[in-house]
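Have a look at the structure below before the remarks.
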Amino acid sequence: TSDMYVHHSWIYGLQEGKIFSGGIYPEGMHCFIYAMNALFGVSVYSSLHFLAGIYVSTLLVSVYCFLKEIMHSRYTGILILTAFLTLDLVSFDEIASMARLQWTLPQEFGLFTMFLGTLYFVRYLRSERIARKENGKRKWIVWDENLLIFVLAVAGSIVSHF
């Protein structure tokens, strides 16, 4: 059920100089793991297994922060994440939803940036500093630190996937 072997072969293909050895596929995660191996000597096997836990944790924290921003109750985000992690309507195995999330490592490699980008875009739109009045005229402030983080998150998502 896991596609770790496929990702191993693509990363080892990069080490052998074969770009897109398994066909056209977003290479962001594969290039990152290859660079960690080439620069720091971290094995591909260890990178794939340890980064899965790190990215899943980062994804869950970013989803929680996003849900906390848009929901009125601060416990709704925890309830939604708990339901996501424990309820699996496809199979009757409770652990399958979390395991399936970890098996899709390339997908969640940049998925947290989408939630963070949306979070900061919502904060930007809700900001009172966007439009304020000076001398009776409305002055629009286009640039904000929330917009900067939104742009960086979108750029990070594009870079990590492609």
Side-chain angles (χ1 to χ4, degrees), residues 1-4 6-8 10-11 14 20 24-40 42-90 94-132 139-162:
T1 57
S2 175
D3 58 352
M4 286 291 191
V6 176
H7 296 293
H8 277 269
W10 284 335
I11 295 167
L14 283 173
F20 300 122
I24 301 297
Y25 190 82
E27 290 282 334
M29 181 208 62
H30 303 103
C31 291
F32 176 75
I33 292 176
Y34 168 71
M36 284 184 58
N37 178 267
L39 294 174
F40 306 114
V42 179
S43 73
V44 172
Y45 182 79
S46 296
S47 294
L48 282 172
H49 285 289
F50 289 122
L51 288 177
I54 292 169
Y55 290 129
V56 167
S57 301
T58 308
L59 173 66
L60 294 176
V61 168
S62 66
V63 170
Y64 171 72
C65 291
F66 171 69
L67 291 173
K68 186 178 171 188
E69 181 74 24
I70 64 170
M71 300 291 177
H72 292 290
S73 172
R74 65 181 185 178
Y75 298 112
T76 306
I78 294 173
L79 180 67
I80 291 171
L81 284 176
T82 304
F84 171 73
L85 292 174
T86 57
L87 297 178
D88 189 9
L89 302 176
V90 177
E94 288 82 15
I95 199 70
S97 61
M98 188 63 181
R100 189 170 44 250
L101 184 62
Q102 289 181 344
W103 291 337
T104 58
L105 178 63
Q107 182 182 8
E108 87 256 356
F109 183 77
L111 194 57
F112 74 95
T113 58
M114 294 179 196
F115 286 98
L116 286 181
T118 308
L119 163 72
Y120 283 100
F121 189 66
V122 168
R123 283 186 182 176
Y124 172 73
L125 292 177
R126 289 182 178 172
S127 176
E128 295 176 4
R129 297 182 347 179
I130 295 175
R132 64 178 180 203
K139 181 179 178 182
W140 293 93
I141 298 175
V142 178
W143 199 251
D144 189 6
E145 63 269 2
N146 293 321
L147 186 61
L148 174 66
I149 297 174
F150 164 70
V151 170
L152 290 175
V154 169
S157 177
I158 291 170
V159 166
S160 66
H161 281 91
F162 301 104

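One is the number of the first residue; the rest follow in order along the sequence. Treat the numbers as computed from the prediction; the structure is a model and nothing was measured.
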Can you pull out every salt bridge (Lys or Arg N to Asp or Glu O under 4.0 Å) where at least one residue sits in residues 146-159? Sequence neighbours excluded, please. none
Between Ser157 (side chain only) and Ala153 (backbone N and O only), is there a donor and an acceptor less than 3.5 Å apart? no
Is Ile80 close to Met71 at the side-chain level, that is, under 4.5 Å between some pair of heavy atoms? yes
Looking at every heavy atom in both Arg126 and Glu69, which two are closest together, and how far apart are they? NH1-O, 2.9 Å
Set of ring pair (Phe, Tyr, Trp, His ring centres under 6.0 Å) partners for Tyr34, sequence neighbours left out: none
side-chain contact (heavy atoms from CB on, under 4.5 Å) involving Ser62 - partner list, sequence neighbours excluded: Leu59, Phe112, Phe115, Leu116
For Val44, which residues count as a side-chain contact (heavy atoms from CB on, under 4.5 Å) partner, sequence neighbours excluded? His8, Ile11, Tyr12, Gln15, Ile33, Asn37, Leu48
Those residues at least two apart in sequence (or on a different chain) that pass side-chain contact (heavy atoms from CB on, under 4.5 Å) with Tyr64 are Lys68, Ile78, Leu81
For a quick test of reading the model, state the closest non-hydrogen atom pair linking Phe150 to Tyr120 and the distance between them. N-CB, 4.1 Å
Sequence neighbours excluded, which residues qualify as side-chain contact (heavy atoms from CB on, under 4.5 Å) partners of Val61? Cys65
Atom CZ in Phe121, atom CZ in Phe66: separation rounded to 0.5 Å? 11.5 Å
